[in-house]
Number of protein chains: 4
Amino acid sequence: MDEVRRPGRPRDAARDDALLDAARQVLLRDGYAGLSMEKVATLAGVGKPTLYRRWPSRAALVADAVLHSFLASVPGSPAPGPHATGSQRLADWFRAYAASVGDPHHAAMVLALTAAAAESPHAAESLYRQHTRGQYESLVGHLRAGVASGEFRADADLEAVADALIGSVLYQLLTRTEQAAPARAEHLLQLLLPGLRAPGRPG
Amino acid sequence: MDEVRRPGRPRDAARDDALLDAARQVLLRDGYAGLSMEKVATLAGVGKPTLYRRWPSRAALVADAVLHSFLASVPGSPAPGPHATGSQRLADWFRAYAASVGDPHHAAMVLALTAAAAESPHAAESLYRQHTRGQYESLVGHLRAGVASGEFRADADLEAVADALIGSVLYQLLTRTEQAAPARAEHLLQLLLPGLRAPGRPG
Amino acid sequence: MDEVRRPGRPRDAARDDALLDAARQVLLRDGYAGLSMEKVATLAGVGKPTLYRRWPSRAALVADAVLHSFLASVPGSPAPGPHATGSQRLADWFRAYAASVGDPHHAAMVLALTAAAAESPHAAESLYRQHTRGQYESLVGHLRAGVASGEFRADADLEAVADALIGSVLYQLLTRTEQAAPARAEHLLQLLLPGLRAPGRPG
Amino acid sequence: MDEVRRPGRPRDAARDDALLDAARQVLLRDGYAGLSMEKVATLAGVGKPTLYRRWPSRAALVADAVLHSFLASVPGSPAPGPHATGSQRLADWFRAYAASVGDPHHAAMVLALTAAAAESPHAAESLYRQHTRGQYESLVGHLRAGVASGEFRADADLEAVADALIGSVLYQLLTRTEQAAPARAEHLLQLLLPGLRAPGRPG
DNA sequence: GAGTAACCGAGACGGTACGTCATGTCTTAAT
DNA sequence: ATTAAGACATGACGTACCGTCTCGGTTACTC
């Protein structure tokens with residue numbers, strides 16, 4: 001718990017923020033392909049060794065930059081009431097998630113993380129998962145609550161639902177230049193809910 | 001219709017194949033991050049200008065290499081009978097698709113294409129979609145047949161189904177180092193079919 | 001003597017001129033360093049093989065281009081009377097030579113030839129001499145006439161005189177960006193004549 | 001006066017020497033035409049950027065390599081006595097200069113410098129002069145001493161003498177494959193001295 | 001006239017080198 | 001021990017030329 005005080009000049013935490021900001025800025029402007037360690041360091045007004053001391057690679061830097069972007073900008077779905085049904089909580093979460101990708105900022109971050117994970121599976125080692133786990137588990141949590149309340153089938157593969165919802169949005173992001181229609185999210189929910197609901201429990 | 005013969009020495013089609021082969025070989029060994037134009041040209045025994053004359057960028061080369069890989073290796077799902085129901089055709093297609101990603105060759109190709117599309121959205125211009133359209137339309141075709149036969153709801157958003165199925169597999173590929181469980185594909189189908197079927201048409 | 005008629009379509013002499021013209025044009029604009037076979041061929045509206053069929057190398061092309069430039073543009077000194085003394089003929093020749101280098105055209109040609117000869121002594125094989133022999137021998141001829149008339153010492157090393165005169169102009173061309181002063185030529189003549197004149201023969 | 005210490009890692013002076021040595025080695029073996037920046041960098045065991053950081057072009061590198069070669073290898077003429085006459089000092093200098101070109105090492109250096117200066121007059125900007133000024137001024141110094149002692153004419157154009165002597169050697173180097181005869185140097189001196197001597201001052 | 005052979009343009013080919021940029025490590029002086 | 005600055009070896013970038021080749025087509029001499 002207590003920080004170990006190492007000798008010598010301590011690291012300046014302000015540099016971390018400057019570097020992460022710079023990284024996000026470059027990602028937004030030039031995409032993952034256009035992000036070089038050199039460019040980020042220069043833009044942040046920081047020496048290269050300072051950058052390498054904190055993140056050993058482009059992928060690691062991007063992962064952190066994206067994660068912090070989520071923490072800062074996505075405060076979660078719009079506070080569902082504690083007594084909301086599983087369907088409502090699921091729908092609220094997914095609508096918020098699908099909408100967030102409409103923000104170019106956010107879309108750029110997701111694409112960057114995807115690029116980092118896809119370009120070298122050996123090195124990335126489930127980089128993507130590690131940094132999207134928060135959202136993934138948030139979604140699975142909502143689903144589990146629906147199961148607990150008896151609304152959703154007990155034998156439903158909740159991870160399959162999560163993969164389909166998140167994967168669907170990702171795939172649209174990769175293949176559509178125009179923004180994904182919000183109606184598509186609605187339709188997908190309507191498709192999945194019947195299979196998810198416990199028998200004898202109409203929508 | 002007839003090919004216009006441009007003046008000058010014609011391009012040697014054998015170089016195309018040598019380059020695409022070399023690209024696939026590098027992708028398989030080193031991933032998208034480890035693919036350099038230089039390496040591909042050298043491996044193919046070809047000069048760099050010959051490579052650049054055909055593909056202006058790494059992303060374009062990879063896209064073609066992956067596309068030709070599919071054409072060569074994925075002859076489609078295992079020939080569903082013409083009288084198969086929509087559910088059967090859909091399930092057959094998706095099982096085959098999910099299984100194909102189990103092949104490391106194929107998985108590497110999909111990851112490479114994903115990396116190319118994600119790393120520079122400006123340049124890629126729906127690169128991914130362009131090269132996966134074949135599979136996408138094949139899937140949507142099966143779904144449409146199910147609608148025509150009255151088995152599937154006429155108002156179902158077929159593209160939402162396709163996005164969810166393909167996206168689900170892609171997301172698993174990106175986030176799981178271990179191979180995706182075949183059971184997951186089955187579960188997803190069971191989740192989607194109830195919402196897809198026309199009312200009064202039990203599974 | 002009579003040309004051997006080879007079978008097949010004869011070479012088009014007009015291409016030679018177009019190529020030599022193009023070469024001179026490039027030399028004048030970009031210098032020897034800026035002359036590429038490609039550029040010359042393109043400028044002349046001619047295919048590369050047509051160029052290589054006539055001149056096997058940059059140096060050979062430049063040598064010919066420069067030689068033809070001299071033949072075309074330097075009709076020699078301003079016609080000395082047949083009864084002119086050796087001193088007069090020498091001075092006339094040298095003044096004309098020194099002046100000709102003042103012409104940027106001509107200066108560029110001399111520099112190009114110098115570059116070609118200097119850059120690869122192995123390949124050039126006295127390229128320079130071969131193409132400047134005309135002027136060299138013209139000068140030595142004037143000197144020999146002076147010896148024959150008894151005006152110049154019989155034991156004078158005429159080639160040493162020629163080397164000094166031509167070399168002096170060349171060295172000035174290489175080391176002075178501003179144009180060489182015409183007075184310099186006059187002074188050099190005054191320096192050399194006393195040593196050249198036969199004893200008892202005042203200037 | 002005191003060197004300003006710029007921030008960052010200072011340049012390694014050893015690289016300069018390695019690069020200049022490599023350049024001279026290549027010049028000697030392959031001539032100016034055969035010298036590529038790539039070859040020099042590789043031979044010196046140095047990266048290309050390190051080379052380009054110091055010399056922006058082939059011509060600049062060659063000029064420095066040649067200059068340092070002279071500084072290292074040509075300690076000047078063989079120490080004329082302080083009481084030597086102008087004629088003697090002049091003859092000593094010129095004999096040493098003419099002989100030095102007999103050394104293939106030295107000849108290659110002079111040719112390389114000539115090539116660099118001749119091939120792109122725009123870029124070179126009196127490159128040649130800048131790097132041969134040392135010798136030029138040494139020679140003019142000897143001549144001026146002769147004028148001061150009254151041996152040489154006060155109105156002699158000393159630069160014309162220098163141009164003729166140096167230019168003569170250069171021209172022979174460019175046009176003769178065989179080594180220039182030492183007798184030629186002697187003859188040239190005999191030709192020039194009468195015109196150079198003050199009236200009433202016999203040789 | 002039909003062959004035939006060398007010409008012509010255009011441009012692809014395997015190469016080499018260009019000059020620039022980024023990588024990740026290092027050295028330096030200063031904080 | 002950290003910092004900014006920047007040199008360093010390495011290697012890829014995308015481009016320009018090299019000199020050779022392969023095309024379809026042209027031209028002129030020889031059967």
Side-chain angles (χ1 to χ4, degrees), chain A residues 5-12 14-15 34-42 44-58, chain B residues 5-15 18 34-42 44-58, chain C residues 5-15 34-42 44-58, chain D residues 5-15 34-42 44-58:
Chain A
R5 254 252 158 248
R6 286 174 303 166
R9 174 173 171 178
R11 285 198 187 161
D12 183 348
R15 310 293 175 197
L35 182 144
S36 71
M37 298 296 262
E38 192 113 21
K39 207 188 281 183
V40 171
T42 303
V46 143
K48 275 198 292 175
T50 299
L51 173 52
Y52 278 102
R53 214 172 280 124
R54 288 146 205 255
W55 295 278
S57 71
R58 201 161 67 122
Chain B
R5 255 241 160 260
R6 284 177 308 160
R9 174 174 173 175
R11 290 201 184 154
D12 184 348
R15 311 295 171 193
L35 182 145
S36 72
M37 297 298 260
E38 195 115 20
K39 208 187 283 182
V40 171
T42 302
V46 145
K48 271 199 291 176
T50 297
L51 173 51
Y52 278 102
R53 218 172 276 129
R54 288 143 204 261
W55 294 279
S57 71
R58 205 162 64 120
Chain C
R5 256 260 158 242
R6 285 177 303 165
R9 174 177 174 174
R11 287 196 187 159
D12 183 349
R15 311 295 175 194
L35 182 144
S36 71
M37 297 297 261
E38 193 114 20
K39 209 188 279 183
V40 171
T42 301
V46 144
K48 275 199 289 177
T50 299
L51 172 52
Y52 278 102
R53 215 172 278 129
R54 288 144 206 259
W55 294 278
S57 72
R58 202 162 68 122
Chain D
R5 258 249 158 252
R6 284 177 308 160
R9 175 174 174 177
R11 289 200 185 156
D12 184 348
R15 312 293 172 191
L35 182 145
S36 73
M37 298 297 260
E38 194 116 18
K39 209 189 280 182
V40 171
T42 301
V46 144
K48 272 199 290 177
T50 298
L51 173 50
Y52 278 103
R53 214 173 280 128
R54 287 142 206 261
W55 294 279
S57 71
R58 203 161 67 120

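Given the structure is predicted, the values throughout are model-derived calculations rather than measurements. By convention in this document, chain letters (A, B, ...) are assigned in the order of the sequence lines, proteins followed by strands, and residues within each chain are numbered from 1.
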Contact nearer the 5' end of DNA chain E, comparing B:Pro49 with C:Pro49: C:Pro49

Residue mapping more 5' on DNA chain E - nearest nucleotide basis, C:Arg54 or B:Arg15: C:Arg54

Spacing between [X] atom [atom1] and [N] atom [atom2], to the nearest angstrom:
| X | N | atom1 | atom2 | result |
| --- | --- | --- | --- | --- |
| C:Trp55 | F:dG19 | CH2 | P | 15 Å |
| A:Leu51 | E:dA22 | CG | C1' | 13 Å |
| D:Glu38 | E:dT20 | CD | C1' | 13 Å |

Sequence-distant partners of B:Arg11, side chain to side chain contact (heavy atoms under 4.5 Å, CB included), two or more places apart: B:Arg53, B:Arg54

Residues forming a side chain to side chain contact (heavy atoms under 4.5 Å, CB included) with C:Ala41, sequence neighbours excluded: C:Lys48, C:Leu51

Pairwise 5' ranking along DNA chain F for A:Thr50 and C:Lys48, keeping only the more 5' one: A:Thr50

Along DNA chain F (nearest heavy atom to each residue), the more 5'-positioned of B:Lys39 and C:Ser36: B:Lys39

Of the listed nucleotides F:dG14, F:dC18, E:dT25, the one nearest the side chain of A:Tyr52: E:dT25

Heavy-atom pair of closest approach, residues C:Met37 and C:Trp55: CE-O, 3.8 Å

Where do N or O atoms of nucleotides 4-6 of chain E meet protein N or O atoms at under 3.5 Å, pair by pair?
none

